[in-house]
Amino acid sequence: GVRRESRKMAMQVLFELEMNSQEADAALRRLWAERKMPQGAKMFTEQLVHGTMNNMTAIDAIISKYADNWDIKRINPTDKNIMRIAIYEMLFCEDIPPVVSINEAVDIAREFSDTKSSMFVNGILDRARKDLKRSARDAGPRKP
C-alpha cells in the first residue's frame, strides 16, 4: 500500500544521497516534482528519510554489529539503505511492529535486489530485532 511506496521512495532518496552528496530536502523536492503522491505518503517518506539520516551513525553501528565479516562500506547500497530504513522504524516508529518493518524490507530487497540480498537483509534485521526492548509483533498507538 501507501506505506510500502513511501519506503521504496525513501530507499531511493537515501541511495541517491549516498551516491551524490546533496541535501535531503533538495532530493525530496525533486522527487515530489516527478511523482504525485498523497500527502500522507509524502509525510511518511520524509519522516523515513530525515529520521534515517538523523540517526545514521547509530543505525550503521547496528548493521555493522550484525553484518559478520562485512565492512558497511562494502554492503550493496540498495540493501544497506533498505536495512537503514527498517532499523529506523524498529527503533523510532513504535506504531509499526518490528516484524512488519522486517517483512517490508525483505520484500523491497526482493524487488530491487535478489534472493541472496533479501536473505542477507532478513538475517541482519532479525538479529537486530532480538535486541529491541519491545515486542516484535505489537505496535503502539500511531502518532499523528
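Every heavy atom of this structure was used, including side-chain atoms; hydrogens, water molecules and symmetry mates were not.
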Sequence neighbours excluded and cut-off under 3.5 Å, please list the side-chain donor-acceptor pairs for residues 37-54, or say none.
{"from": "T45", "atom 1": "OG1", "to": "S6", "atom 2": "OG", "distance (Å)": "3.3"}
{"from": "T45", "atom 1": "OG1", "to": "A41", "atom 2": "O", "distance (Å)": "2.8"}
{"from": "E46", "atom 1": "OE2", "to": "W32", "atom 2": "NE1", "distance (Å)": "2.7"}
{"from": "H50", "atom 1": "NE2", "to": "D25", "atom 2": "OD1", "distance (Å)": "2.9"}
{"from": "T52", "atom 1": "OG1", "to": "L48", "atom 2": "O", "distance (Å)": "2.6"}
{"from": "N54", "atom 1": "ND2", "to": "H50", "atom 2": "O", "distance (Å)": "3.1"}

Only pairs under 3.5 Å count here: list side-chain donor-acceptor contacts from residues 74-85, not counting sequence neighbours, and write none if there are none.
{"from": "N76", "atom 1": "OD1", "to": "T78", "atom 2": "N", "distance (Å)": "2.7"}
{"from": "N76", "atom 1": "OD1", "to": "D79", "atom 2": "N", "distance (Å)": "3.3"}
{"from": "D79", "atom 1": "OD1", "to": "S113", "atom 2": "OG", "distance (Å)": "2.9"}
{"from": "D79", "atom 1": "OD2", "to": "S117", "atom 2": "OG", "distance (Å)": "2.8"}
{"from": "K80", "atom 1": "NZ", "to": "E18", "atom 2": "OE2", "distance (Å)": "2.8"}
{"from": "K80", "atom 1": "NZ", "to": "I72", "atom 2": "O", "distance (Å)": "3.3"}
{"from": "N81", "atom 1": "OD1", "to": "R84", "atom 2": "NH1", "distance (Å)": "3.0"}
{"from": "N81", "atom 1": "ND2", "to": "E18", "atom 2": "OE1", "distance (Å)": "3.0"}
{"from": "N81", "atom 1": "ND2", "to": "P77", "atom 2": "O", "distance (Å)": "2.9"}
{"from": "R84", "atom 1": "NE", "to": "D60", "atom 2": "OD1", "distance (Å)": "2.7"}
{"from": "R84", "atom 1": "NH1", "to": "E18", "atom 2": "OE1", "distance (Å)": "3.2"}
{"from": "R84", "atom 1": "NH2", "to": "D60", "atom 2": "OD1", "distance (Å)": "3.3"}
{"from": "R84", "atom 1": "NH2", "to": "D60", "atom 2": "OD2", "distance (Å)": "2.8"}

To the nearest 0.5 Å, what is the distance between NZ on K130 and CG on L132?
11.5 Å

For E16, all residues meeting side-chain hydrogen bond (donor to acceptor under 3.5 Å, both in side chains), sequence neighbours excluded
Q22, R30

To the nearest 0.5 angstrom, please state how far the CD1 atom of I62 sits from the CZ atom of R127.
13.0 Å

Starting from M56, can I reach M90 by hopping between I/L/V/M/F/W/Y residues whose side chains sit under 4.5 Å apart?
yes

Which atoms form the tightest heavy-atom contact between S118 and A109, and what is the distance?
CA-CB, 3.9 Å

Is R7 salt-bridged to D107, cutoff N-O under 4.0 Å?
no

Contacts of N20 meeting side-chain hydrogen bond (donor to acceptor under 3.5 Å, both in side chains) (sequence neighbours excluded), chain-then-number -> none

Quick one, V13 and L31 - any side-chain contact, counting heavy atoms below 4.5 Å?
yes

Rounded to the nearest 0.5 Å, what's the gap from NZ on K8 to CD on E5? Could you check?
4.0 Å

Does I102 belong to the same Ile/Leu/Val/Met/Phe/Trp/Tyr cluster as M119, with side-chain heavy atoms less than 4.5 Å apart forming each link?
no

Just grab all the ring-ring contact (aromatic ring centres under 6.0 Å, His included) pairs involving residues 93-130, residues at least two apart or on different chains.
W70-F120

For the residue pair E89 and E104, establish whether any side-chain heavy-atom pair is separated by less than 4.5 Å.
no

Test side-chain hydrogen bond (donor to acceptor under 3.5 Å, both in side chains) applied to K65 - qualifying residues, sequence neighbours left out
D131

